[in-house]
Structures are given as structure tokens and as C-alpha cells.
Q: 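Let me begin by handing over the structure; questions about it come next.
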Amino acid sequence: MTYTYTDVQGRGLTIEPAHARANTVFVEAGVGANVHARDLPKIVRELYMGTGQEPPIVLSRYVPQDAMTRAGKVRAGIRPDGKDLDPAGARHIAAWYATAADLAEAETEAERAREREQVDQLTAVVKRADPRMAASAEAIARAVLAAGYTRSES
């Protein structure tokens, strides 16, 4: 996937996978260079600092696990217990929570998409059943679904 940023003067910064070597990206802003993935956090930090801005905190991610989330929420499975943490321990917890937050967000988005699909399907049924109800069909569909009715195959 290629990412391109263009400023108001039309100058661009392009980042895309480097085909020459594994774990590298090709960065071009007038002049191009292959950059190893491990160097990207430092480069991003330096770009922010060069503009006088506070750099973002870049965290690694864990392999998502079912135990990280419950019903679209991040579980409090790894929470500081009141003891002081060294920087590595704090980043470990932050990375775990960042991974869990990514997973919970994806689960929530998937649930919203399923809900939207159900609303759209039921709205279409209401409109077909009585075209005079077209203006309120979505509200009717939402009310039916909120009442707990679900579709059953017959």
C-alpha cells in the first residue's frame, strides 16, 4: 500500500513498501531512500522535533488475543498494581493496551456494520410492505431490532 502526503504547495511525501529488501519502506520527498522498518520510529520522532512539535509515542503491537477484549471493551487484565514501573515495563503495559484497544475498536466497528446491515434489511422490508411508511421505515426497523426481535430462517 502506498501512502502519499501532499502539502499546500503541492510537494509530496510518499511512503511505500520497498521491493528491494524485506522489512524496508521506500520514502520519497524529492529524493528517495530505502529505510529499514526499525528506523522509522526514530525518523518520525526527528520529523516532529524538527518542526518544533512533541513527537508521538510509537508502541509496538502484540498478537491480538481474545482475552484482551470483552463486548467491544478493553479488559483490565494487565493493570498496574500500584508499584512503580521501569520504562520497559510501562511500555509493555502501554503496548498491550494499545493492541487491545485496536482489537476492541475493530470488534466495535464490525458490530456496527452488522447492526447497520440488519437495519437496512428491515427498513427495505417495511418499505416493501407499505410504501406509505417509507419516511419512518428506518425508525420502525430500529425500534423492532431494539425490542430484541431477530430474523429467523423459515
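Nothing fancy with the numbering, it's 1 onward along the sequence. FYI, side chains are in, hydrogens and waters are out, and symmetry mates aren't considered; it's all heavy atoms of this structure. If you're wondering where the values come from, they're calculated on a predicted model, not measured in any experiment.
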Q: Identify the two heavy atoms, one from A134 and one from K127, that lie closest to each other, and give their separation to 0.1 Å.
A: O-CE, 3.7 Å
Q: For Y48 and P55, which heavy atoms make the closest approach, and how far apart are they?
A: CB-CA, 3.6 Å
Q: Quick check for you: to the nearest 0.5 Å, what is the distance between E107 atom CD and D102 atom CG?
A: 11.0 Å
Q: Under a 4.5 Å cut-off applied to non-hydrogen side-chain atoms, are V35 and I43 in contact?
A: yes
Q: Are the charged groups of E46 and K42 less than 4.0 angstrom apart, N to O?
A: no
Q: Measure the OH-NE2 distance between Y97 and H92 for me, rounded to the nearest 0.5 Å.
A: 10.5 Å
Q: Taking the basic N atoms (NZ, or NE/NH1/NH2) and the acidic carboxylate oxygens, is any pair closer than 4.0 Å for R114 and E111?
A: yes
Q: How many angstroms lie between CG in L145 and CD1 in I140, if you round to the nearest 0.5 Å?
A: 12.0 Å
Q: Which distance, rounded to the nearest 0.5 Å, do you find between the CZ of R45 and the CG of L40?
A: 11.5 Å
Q: Where is the tightest heavy-atom contact between A141 and V119, given as atom of each residue plus distance?
A: CB-O, 3.9 Å
Q: Applying the 4.5 Å side-chain criterion to the ILVMFWY set and letting contacts propagate, would Y5 and V44 be lumped into a single cluster?
A: no
Q: Under 4.0 Å between a side-chain nitrogen and a carboxylate oxygen: does that hold for E109 and R112?
A: yes
Q: Quick check for you: to the nearest 0.5 Å, what is the distance between R142 atom CZ and L122 atom CG?
A: 10.5 Å
Q: To check you understand the geometry: which heavy-atom pair defines the closest contact between E16 and T2, and what is its length?
A: OE1-OG1, 3.1 Å
Q: Taking only Lys NZ, Arg NE, NH1 and NH2, and the carboxylate oxygens of Asp or Glu, determine whether E138 and R116 approach each other closer than 4.0 Å.
A: yes
